[in-house]
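In what follows, a structure is listed as structure tokens, so that the remarks can point back to it.
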Amino acid sequence: MIYLKTDEEIELMRAANQLVGKTLGELAKHIAPGVSTLHLDKVAEEFIRDNGAVPAFLGYGGFPASICASVNEQVVHGIPSAKAILKEGDVISVDCGTFLNGFVGDSAYTFCVGEVAPEVKALLKATKESLYLGIQHAIEGRRLGDISHAVQSYCESKGYSVVRELVGHGCGRKMHEEPEVPNYGRPGCGPLLRSGMCICIEPMINMGSKNVVFEKDGWTVRTKDRKCSAHFEHCIAIRPDGPQILSSFEFLEEVLGNNAI
Ligand code: MG
Ligand code: MG
């Protein structure tokens with residue numbers, strides 16, 4: 001069942017999601033060659049707790065960390081590790097969640113580590129653009145497939161491929177609520193979009209083929225061809241006057257300046 005949120009609940013969702021945005025902003029200060037993904041996890045956990053919230057990913061389904069840190073060919077759900085040291089030219093998708101006042105915030109951004117190859121940066125840019133295109137279609141009275149189709153058609157028009165095994169989702173008191181929000185689909189199909197729906201749109205886009213492999217650690221998903229993947233996520237609310245983005249890239253983009261995607 002799809003839970004429609006009240007105005008008050010949407011404000012609580014916004015607070016949880018803004019804290020995710022600020023956490024990503026804090027991480028943006030630390031992402032650099034030589035830094036381990038475990039260090040980033042510790043920075044995130046401390047920041048979230050210092051702000052009176054709880055990391056939503058920690059312990060979720062047994063996940064052992066506060067962020068997912070997925071480097072280069074890793075698509076999502078990378079486990080932070082002291083052995084995973086960032087190097088110049090890497091990209092790292094950081095997915096972060098908070099629990100604040102009974103509601104979940106959930107947002108992700110793919111960061112460049114130093115100078116990144118132009119073709120990789122182009123993948124990141126297209127993935128981020130597809131997220132905002134999808135959001136533009138999150139209009140009351142339309143269908144969820146309109147969002148999915150907007151993401152897919154844009155990314156495929158650029159020659160990239162859309163991961164099928166992982167999708168966005170409704171969000172609220174629980175991190176994963178109905179409906180599923182695929183990054184592929186047909187316009188005019190799927191659940192009716194209604195005011196009060198809060199959903200996470202999160203394109204996971206591959207430079208090569210769409211196929212992925214689930215690693216033996218039980219979490220990490222990587223591209224089968226080991227080519228690069230990108231991931232951007234916003235949590236949004238559908239409102240009578242259009243979509244509202246509850247999460248924020250503003251904090252991290254202020255830190256990144258010209259290095260923002
Ligand atoms: Mg997420
Ligand atoms: Mg999500």
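Owing to the predicted nature of the structure, the values given are computational and were not obtained by experimental measurement. As the structure lists them, so they are numbered: ligands from 1, and atoms in each ligand from 1. We're numbering straight along the sequence, starting at 1.
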With a cut-off of 2.8 Å, does any N, O or S atom of Asp95 fall short of it relative to the Mg ion (ligand 2)? no
Is there an N/O/S atom in Cys200 that lies less than 2.8 Å from the Mg ion (ligand 2)? no
Do any of the N/O/S atoms of Asp106, backbone or side chain, fall under 2.8 Å from the Mg ion (ligand 1)? yes
Report the residues that fulfil side chain to side chain donor-acceptor pair (under 3.5 Å) with Glu129, sequence neighbours left out, ordered by chain and then residue number. Lys125, Tyr154
Between atom CZ of Arg14 and atom CD1 of Ile245, what is the distance when rounded to the nearest 0.5 Å? 10.5 Å
Heavy-atom closest pair (Leu193 atom, Ile147 atom, distance to 0.1 Å) is CD1-CD1, 4.0 Å
Residue that, paired with Ser107, satisfies side-chain contact (heavy atoms from CB on, under 4.5 Å) out of Leu246, Val94, Val20, Leu19: Val20
Can you name the N, O or S atom of Glu233 that is closest to the Mg ion (ligand 1)? OE1
Any idea how Phe249 and His234 line up, ring-wise: parallel (<30°), tilted (30 to 60°), or perpendicular (>60°)? parallel
Which atom name would you report as the N, O or S atom of Glu202 nearest the Mg ion (ligand 2)? OE2
